[in-house]
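Below is one structure; the comments refer to it alone.
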Protein chains: 2
Amino acid sequence: MHDRRQSAVPDIESLMGQFHAYLSKKQLKSTRQRDLIAQKFFAAHGHISIEELLTLSRAENPRIGYATVYRTLKLLAECGLAAQRRFGDGQTMYETAGDTEHHDHLICIECQHVLEFQNDDIEHEQERVARSFGFSLVRHRLELYGLCPRARGIKGGWCPNEEQRKLSD
Amino acid sequence: MHDRRQSAVPDIESLMGQFHAYLSKKQLKSTRQRDLIAQKFFAAHGHISIEELLTLSRAENPRIGYATVYRTLKLLAECGLAAQRRFGDGQTMYETAGDTEHHDHLICIECQHVLEFQNDDIEHEQERVARSFGFSLVRHRLELYGLCPRARGIKGGWCPNEEQRKLSD
DNA sequence: GTCCCTGCAAACTATTTGCACCGGG
DNA sequence: CCCGGTGCAAATAGTTTGCAGGGAC
């Protein structure tokens with residue numbers, strides 16, 4: 001079987017290290033705000049929107065502004081630690097990148113929750129398709145949209161969104 | 001082999017017919033503007049942005065407004081004839097849908113051109129992954145980003161963008 | 001004739017930018 | 001100290017909406 005649910009969680013320290021390394025290489029400064037936003041971003045470790053990140057950051061420093069969050073996320077994207085992602089609906093989300101192996105997304109169109117998965121067969125086949133067109137494959141993006149067990153009406157069915165709530169209690 | 005490069009090109013007449021059927025079913029009206037915009041959209045048959053569609057439509061009727069294009073495209077999306085798509089860069093694109101079988105995208109990150117492909121093995125494997133999480137799969141989105149032969153530096157290499165130019169001459 | 005549709009402009013939302021002041025190196 | 005960073009507010013880009021007049025059925 002070629003599926004793996006989730007790769008190892010990278011530790012925040014190391015990510016902050018990479019971020020600081022990038023900043024000093026580019027002669028940019030580490031500031032309280034940047035560190036705070038990056039911390040919160042790495043800690044969320046999943047999919048987070050600008051709005052959510054701002055809220056989390058303001059919990060510790062209420063004077064953080066939208067612009068700073070945008071600017072910091074742009075920096076994180078430049079050094080490959082964050083990736084912008086726009087799912088079907090409106091909201092632009094960001095996720096950590098570079099740290100973990102590649103993963104794809106499975107999204108419930110009812111409860112909106114996003115799961116991650118990896119499947120080597122699909123990856124190999126993608127490689128083969130690209131080659132058949134004479135392309136070399138650099139990256140890809142795969143999103144599966146469907147209904148989670150709960151949304152399908154299976155009684156007692158598992159719903160990723162409720163799992164999530166349990167975790168955050 | 002399970003790849004198919006491109007499904008049959010649907011004819012515009014039939015698409016317009018489907019559109020009109022949807023309109024009358026919903027007791028909505030066929031108007032000059034809607035027909036013009038839908039015609040241009042179907043004729044483009046590939047990936048087109050609101051902006052481009054407006055420009056094309058204004059070539060024949062300069063008084064067409066943005067709002068009408070947005071509203072018409074929303075109608076086309078409702079009846080499954082158009083699908084919104086946001087590739088990595090900023091621009092929101094629309095493409096014809098419903099006409100042909102499902103297809104995925106292969107995009108050259110150098111020349112930006114978009115090819116379409118289908119691969120049944122990948123589709124089946126996606127189905128399997130969704131089931132393994134207890135999900136029922138409704139739709140998906142797969143984009144492969146890479147370098148076309150020309151961009152890879154293969155001399156005399158084939159470049160989708162040049163093929164395109166040849167066609168439009 | 002009745003509503004729906006259109007074009008325009010104003011409203012909104014998400015994101016970026018200009019600028020005076022602040023603070024890290 | 002210097003120059004980049006921050007916060008605010010204003011600007012911008014993309015999309016939606018309200019409304020008065022026009023057109024399909």
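Quick note on labels: first sequence line is chain A, next is B, and so on, each numbered from 1. Only a predicted model underlies this, so the values are computations on that prediction, with no experimental measurement involved. Computed from heavy atoms alone, side chains included, the values below leave out hydrogens, waters and symmetry copies.
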Going by distance alone, is a donor N or O of one side chain under 3.5 Å from an acceptor N or O of the other, for E95(A) and H105(A)?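 Yes, because at least one side-chain N or O of E95(A) sits under 3.5 Å from a partner of the opposite role on H105(A).
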When only distance counts, do a donor and an acceptor, one from the side chain of R71(A) and one from the base of dG7(D), lie under 3.5 Å apart?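 Yes, the side chain and the base share a sub-3.5 Å donor-acceptor pair.
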Ignoring hydrogens and angles, are the base of dG5(D) and the side chain of R32(A) linked by a donor-acceptor pair under 3.5 Å?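 Counting by modelled atom types and ignoring angles, no donor-acceptor contact under 3.5 Å is found here.
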Straight-line distance of I48(B) CD1 to Y94(B) OH, nearest 0.5 Å: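 One finds 12.0 Å between CD1 of I48(B) and OH of Y94(B).
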Residue closer to the 5' end of DNA chain D, T31(B) versus K74(B) (nearest nucleotide):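 Residue closer to the 5' terminus by nearest nucleotide: K74(B).
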[X] [atom1] - [N] [atom2] separation (whole Å):
X	N	atom1	atom2	answer
L28(B)	dT6(C)	CG	P	10 Å
L73(A)	dT15(C)	CG	C1'	12 Å
D35(B)	dG23(D)	CG	C1'	14 Å
L75(A)	dG4(D)	CG	P	14 Å
I50(B)	dT15(D)	CD1	C1'	9 Å
E52(B)	dG14(D)	CD	C1'	15 Å
Q27(A)	dG4(D)	CD	P	9 Å
Y66(B)	dA11(C)	OH	C1'	17 Å

List the atom of S30(A), the atom of H20(A), and the distance in Å for their closest heavy-atom pair.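 Taking every non-hydrogen atom into account, OG-CD2, 3.3 Å.
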What are the two closest heavy atoms between V129(B) and L144(A), and how far apart are they?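 Taking V129(B) first and L144(A) second, the nearest heavy atoms are CG1-CD1, 4.3 Å.
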Taking only the side-chain heavy atoms of [X] (C-beta and beyond), determine which of [options] contains the nearest atom.
X	options	answer
T68(B)	dT6(C), dG24(C), dT15(D)	dT6(C)
K29(A)	dG7(D), dT15(D), dC3(D)	dC3(D)
S30(B)	dC25(D), dT6(D), dG7(C)	dC25(D)
Y70(A)	dG23(D), dT15(C), dG24(C)	dT15(C)

Contact class for K26(B) vs. all strands (heavy atom < 4.0 Å): base, sugar-phosphate, or nothing?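 Here K26(B) touches no strand at all.
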Within the structure shown, what part of the strands sits under 4.0 Å from R34(B) by heavy-atom distance: base, sugar-phosphate, or nothing?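 Sugar-phosphate contact only - R34(B) comes under 4.0 Å of backbone atoms but never of a base.
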May I ask you to verify if any side-chain N or O of Q33(B) is less than 4.0 angstrom from the OP1 or OP2 atom of dG7(C)?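 Result: yes.
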Has R58(B) got a side-chain atom pairing as donor or acceptor with I64(B)'s backbone, closer than 3.5 angstrom?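 Confirmed, R58(B) side chain pairs with I64(B) backbone.
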